[in-house]
Amino acid sequence: MELEIRELAKRYRSIVAVNDFSLNLGPGILGLLGPNGAGKSTLMRMIATVTRPTAGSITLDGTNVLKSPDALRRTLGYLPQDFGVYPHLNAVEFLEYIAALKGLDRRSSRERIERLLEMVNLTYAKHRALGGYSGGMRQRVGIAQALLNDPKLLVVDEPTTGLDPEERVRFRSLLQDLSGDRIIILSTHICSDVETTANDVAIVGGGKLLERGSPASLVNRWGSLENAYLKTVALNKEAA
Ligand code: ADP
């Protein structure tokens, strides 16, 4: 599986959210690292076919996603940053509802929901209303809904924001368990999220791709991942 992003751009009136962004991706976990406002969510929304680019192209295994989004959508799992839950539904009801929206078969999705709840460690709380869940539990429901269709492309936008340290560690290890033959794109502004989970890093600032490489290669070049992040973002700001 290969995702190819070519010269992608998104403008909102005078704001350039993403600019001339090119990236090729195969299976593995890509950490999109960048400060708030860098353009990470906009990029992810374009990959998830929620937002249309102003310019550029996205192809998945050679298919133009902008012209034919259905193939990507069938194999996409997306956890948006502002993922909201229905507070009065319990986890099973919520996942059944999302499975129905995704057009999944009722019987097989029931089995899958049970398996996913086990995988995200929520079986014990599956009949509790989501309104009473902690931030980490909600994010795990969010990942479960993204995994309902067994996606080969998983896009998770700042999933660790607001999690306490224990929840964050658990969430990272869940993402690692999910890798394998999937393409996982994880955005964050927290270097340690990337350091512990990603095998590939893209540093984003001002809508542009500033650096790309394995965590080890960036550490080699910049001394630490944090340094790579802080320096490239600062240099880009100076240049702007
Ligand atoms: P990040 O996810 O890295 O925090 P975003 O993609 O959310 O960055 O935002 C990039 C830039 O685009 C910001 O300046 C933001 O204000 C702007 N932006 C994002 N979405 C919209 C929108 N729907 N309308 C106008 N401006 C937007």
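These figures come from a predicted structure and were not determined experimentally. As the structure lists them, so they are numbered: ligands from 1, and atoms in each ligand from 1.
Atom 10 (C) of ligand 1 has Gly37 O, 3.4 Å as its closest protein atom, hydrogens excluded (heavy atom only). Nearest protein neighbour of atom 12 (O) of ligand 1, counting heavy atoms only, is Ala17 CB, 3.3 Å. Taking atom 21 (C) of ligand 1 as the reference point, the nearest protein heavy-atom neighbour is Tyr12 CE1, 3.3 Å.
In summary, Glu114 and Arg112 do not engage in a salt bridge, as defined by a charged side-chain N under 4.0 Å from a carboxylate O.
Distances from ligand 1 to the non-hydrogen atoms of Ser187 include no value under 4.0 Å. Every heavy atom of Gly34 sits 4.0 Å or more from the atoms of ligand 1.
By the 30° and 60° cut-offs, the orientation of the rings of Phe94 relative to Phe83 is perpendicular.
Every atom of ligand 1 is numbered from 1 in the order shown, and the set under 4.0 Å from a heavy atom of Thr42 is 5 (P), 6 (O), 9 (O), 19 (C). Residue contact check: Ala38 has heavy atoms under 4.0 Å from atoms 1 (P), 3 (O), 8 (O) of ligand 1. In summary, the atoms of ligand 1 found under 4.0 Å from a heavy atom of Asn36, numbered by their order in the structure, are 4 (O). Listed by number with element, the atoms of ligand 1 under 4.0 Å from a non-hydrogen atom of Pro35 are 3 (O). Set against the non-hydrogen atoms of Lys40, the atoms of ligand 1 under 4.0 Å away are 1 (P), 2 (O), 3 (O), 4 (O), 6 (O), 8 (O).
Only side-chain heavy atoms of Arg45 come within less than 4.0 Å of ligand 1; its backbone N, CA, C and O stay farther off.
Arg128 has its side chain within reach of Tyr133: a pair of non-hydrogen atoms, C-beta onward, lies under 4.5 Å apart.
Between Ser192 and Arg168, the side chains place no donor N or O within less than 3.5 Å of an acceptor N or O (distance only, hydrogens not considered).
Stacking of Lys126 on the aromatic ring of Tyr124 is not recorded, the 6.0 Å distance cut-off and the 45° axial limit not both being met.
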